[in-house]
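Beneath this line is the structure, given in structure tokens, with notes to follow.
Throughout, protein chains are lettered first and strands after them, A, B, ... in sequence-line order, and every chain is numbered starting at 1.
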Amino acid sequence: MARRIVLSSDDGPSRSVENLTIDYRGDLNEQQFDAATTGSGPTLVIAGAGTGKTRTLIYRMAYLVETGTKPESVVLLTFTRRAAREMTSRAADLLDGRCQRVQGGTFHAFCLGVLRRHAPTIGFPRNFTVLDAADAGDVISVLRADGNYDQGEERFPQKRTLYSMFSAVINRQEPLDEVLARRYPQFSPLYDGLEQMRQDYQAYKKSHGMMDFDDLLYRTLELFAADDGVRREVAGRCRHVLVDEYQDTNALQAELVKQFASVHGNVMVVGDDAQSIYRFRGADFRNIFAFPEEFDDTQVLKLEQNYRSTQVILDLANHVIDNADRSYEKTLFSHRDVPDAELPAVVPAADGQMESRFVAQMILRLRESGVPLHEQAVLFRSSHNSYELETELNKRNIPFVKYGGMKLSEAAHIKDVLAHLKVAENPQDAAAWNRALQLIHGIGPKTAKSLIEWATNEADDPFVHTDNAPFSNRYISQLKKLLGTLRSIRDPDMPLVEQVESVIDYYRPIFEDEYYEDYPKREPDLDHFIGLSENYSSRRDFLSSLALDPIELTALDNDGEHEDEPPLVLSTIHSAKGLEFHTVFIIRALEGDLPSRYALREKGGVDEELRLFYVAVTRAEDNLFISYPMTQYRRYQGEYMTDPSRFIVDVPEDTLEPVQLVEETEAQEDDQPLLGGDTPAALGSGDSEQTSASAPKQLGDGSDSASRADTETSREYDPRDVDGLPF
DNA sequence: GCCACCACCGACATC
DNA sequence: CGGTGGTGGC
């Protein structure tokens, strides 16, 4: 390697902050200040939950820019694109517009930018398709139908499973036989077929110009290895690398950090080993312990002072995490002085329906007492855990947005539209062809396959109808329409919105036929999709952006209707990472759900679930309710007793207070039974004035919310009802 | 031979 | 509410 001459940077040797526009000392505590204003070189910041990690990174960005680093040469790698956007724009507010030009995004998005510029170096076209997990599954299905990997085995893995196996090989850098032995022992006997399939999958993506999420990382490293000039150029533009959520990086990402920092050596990673919750996608929290070994002279800083939660909530969090293995010792202490802070409560409900009613009613009461809906969140282990609650919320007209559920681009009808756009973008995309073709009446798997072969291999121009194509009269007229539509939208001068509209015009009759039972419900999504495309200048950007930054389906439902009242948040714990709420409900705290039954199979699985629970607990600022149903119903099994989560049993009552739900019996109203807590514990802490305002005060002045409360929920505000509560 | 339709089973978290 | 597997019909 060439000799390096390091020029001293513009921030200079002095750590003087006196002449800067931002008051770093005044705005930050001492630990935060040290992290934000440290000099160059590798730095590891261990930051507990709620300790101002984000704030510190924002001030760090501002500090770097203010002391002379060009914003374009600062790279901020975050876990979601949303996080990057928020942080750069907050830094921009703090200083001046300049921080907006900081390069920020996920590893995947950053690598995508590099690969778009240099793909040909490693044998990919520049317009390669980005496969999301579902697309990757489709490709694997196509392969499976072609090849003879399963040898008639009865229990060959599902495409989802196949994809996660192949993914683990890449992003953990572990051979397939080891992955099988560790996670899928039941499929170890199929090793030969699986390994063959995995290699075919890799080759297929390359020959068809496709990259899945792992490829974006892996191929970037391949590119750097293939052409050191590219590495130097990219790393040369990374004067300072900042990495958020470092505990959730995988082996490839850790290596990428090294490469990005290989020219300037300035890298600051921030993370919390206690919050590592992405092992399933290859994250290895040991990266955070290995960091000081990978980078010589690493400076290790800690943030321990919590600004988010009350001390009683932190007591529970500390109690929880004490049971986990970890090495960076830290105990969170609160900086918030809240007299009479409510203890976290554990709330058993008779069944799921009662649990949902409890959560819904409590949310409304808190809203009455002044906690807006969007300051409250319901968290759960997996997306389907909230179905029952969603029904209840809909019944009561409580607006909510759900994170971690179905994505817009996962809805079948949106995938249909996307397939057409993908074919236009990359005519080699066999999986997209497959989907688009099979929508045509008369074309099934076999016909589609021969048409795809023709389109991707033999045809000079697959969008022009020629006589040597294997067409049959059964579907010819519809196929001509398809090819005509695709040909027209490939016109480079056609604006993206018109392309999307043109595809939808073609698709609409198919859509109404395919989803004849419920297409009116799906129809608005198509309009949203058109609207979304207006924000993008090219089809290519639009498609990769949708893959890397999927949009929550429920986030679209609520616009307009509830403008004056931002909605309640429902979220998987994973999607709630980095967020905070006045009140948090953790529902379905059950053995089998949290910890998940799948986690129990694997070594270290329960610890990961414990960290997940810890993340959920530490989202709460003031109120925390952990509830579970005591009975459940399952088909063929009938009603059975559940076991409460191991994470909440045996917690002392002065740390986690039991609350009993009681159906109101006197003056009972037909279909709206009411709740109240009446255990001694509940009454003991019980006469806070918070909810005692008996006259329901309306939030906002919207007639919408007022009338809703009158008609639908006013009975919930009956003072009788409020009296029995432990608040 | 191939496609369309109907009955079933099973369901984790995400860039 | 998805994928999948069986069967009848063209």
Below 3.5 Å is the cut-off: list the nitrogen or oxygen pairs between protein and nucleotides 7-10 of chain C, distance only.
none

Whether A:Arg82 engages the ring of A:Tyr403 as a cation-pi pair (distance to the six-membered ring centre under 6.0 angstrom, angle to the ring normal within 45°) should be assessed.
yes
Can you confirm whether more than 12 heavy atoms, excluding those of A:Arg160, are under 6.0 Å from its CZ atom?
no
Under 4.0 Å from OP1 or OP2 of B:dT14: is there any side-chain N or O of A:Ser575 that close?
yes
Per-nucleotide pairing state of DNA chain B [Watson-Crick or G-U, under 3.5 Å; [ ] pseudoknot-crossing; | other strand]
|||||||||......
Partners of A:Lys415 by side-chain contact (heavy atoms from CB on, under 4.5 Å), sequence neighbours excluded?
A:Ala134, A:Arg435
NZ or CZ of A:Lys577 within 45° of A:Phe79 ring axis and under 6.0 Å:
yes
Which nucleotide, C:dG3, B:dC15, B:dC12, lies nearest any side-chain atom of A:Thr106?
B:dC15
Less than 6.0 angstrom from the centroid, inside 45 degrees of the normal: does A:Arg522 satisfy that with respect to the ring of A:Tyr515?
yes
Value in whole Å for how far the C1' atom of B:dG10 lies from CD of A:Gln158:
9 Å
With ring centroids as reference points, do A:Tyr506 and A:His420 lie under 6.0 angstrom apart?
yes
For the side chain of A:Thr249 and the backbone of A:Glu245, is there at least one donor-acceptor N/O pair under 3.5 Å apart?
no
Quick check on A:Tyr218: does its OH atom have over 12 non-hydrogen neighbours (other residues, nucleotides or ligands) under 6.0 Å away?
no
Per the under-4.0 Å heavy-atom filter, residues of residues 609-619 of chain A near DNA chain B come out as none
Face-to-face contact A:Tyr598 to B:dC12 six-ring, under 5.5 Å, under 30°
yes
Would you indicate what A:Tyr278 reaches in the nucleic acid, counting non-hydrogen atoms under 4.0 angstrom: base, sugar-phosphate, or nothing?
sugar-phosphate
Just how far, in rounded Å, is P of B:dT14 from CG of A:Asp135?
17 Å
Regarding A:Arg381, tell me which of base, sugar-phosphate or nothing describes its non-hydrogen contacts under 4.0 Å with the strands shown.
base
Round to a whole Å and report the spacing from CE of A:Met406 to C1' of C:dC1.
8 Å
Out of B:dC12, C:dC1, B:dC15, minimum distance to the side chain of A:Lys521 belongs to C:dC1
List the residues meeting salt bridge (Lys or Arg N to Asp or Glu O under 4.0 Å) with A:Arg85, not counting sequence neighbours, and say none if there are none.
A:Asp549
Which pairs, protein N/O on one side and nucleotides 2-5 of chain B N/O on the other, fall under 3.5 Å?
from	atom 1	to	atom 2	distance (Å)
B:dC3	OP1	A:Gly444	N	3.1
B:dC3	OP1	A:Thr447	N	2.9
B:dC3	OP1	A:Thr447	OG1	2.3
B:dC3	OP2	A:Lys446	N	3.2
B:dA4	OP1	A:Gly442	N	2.5

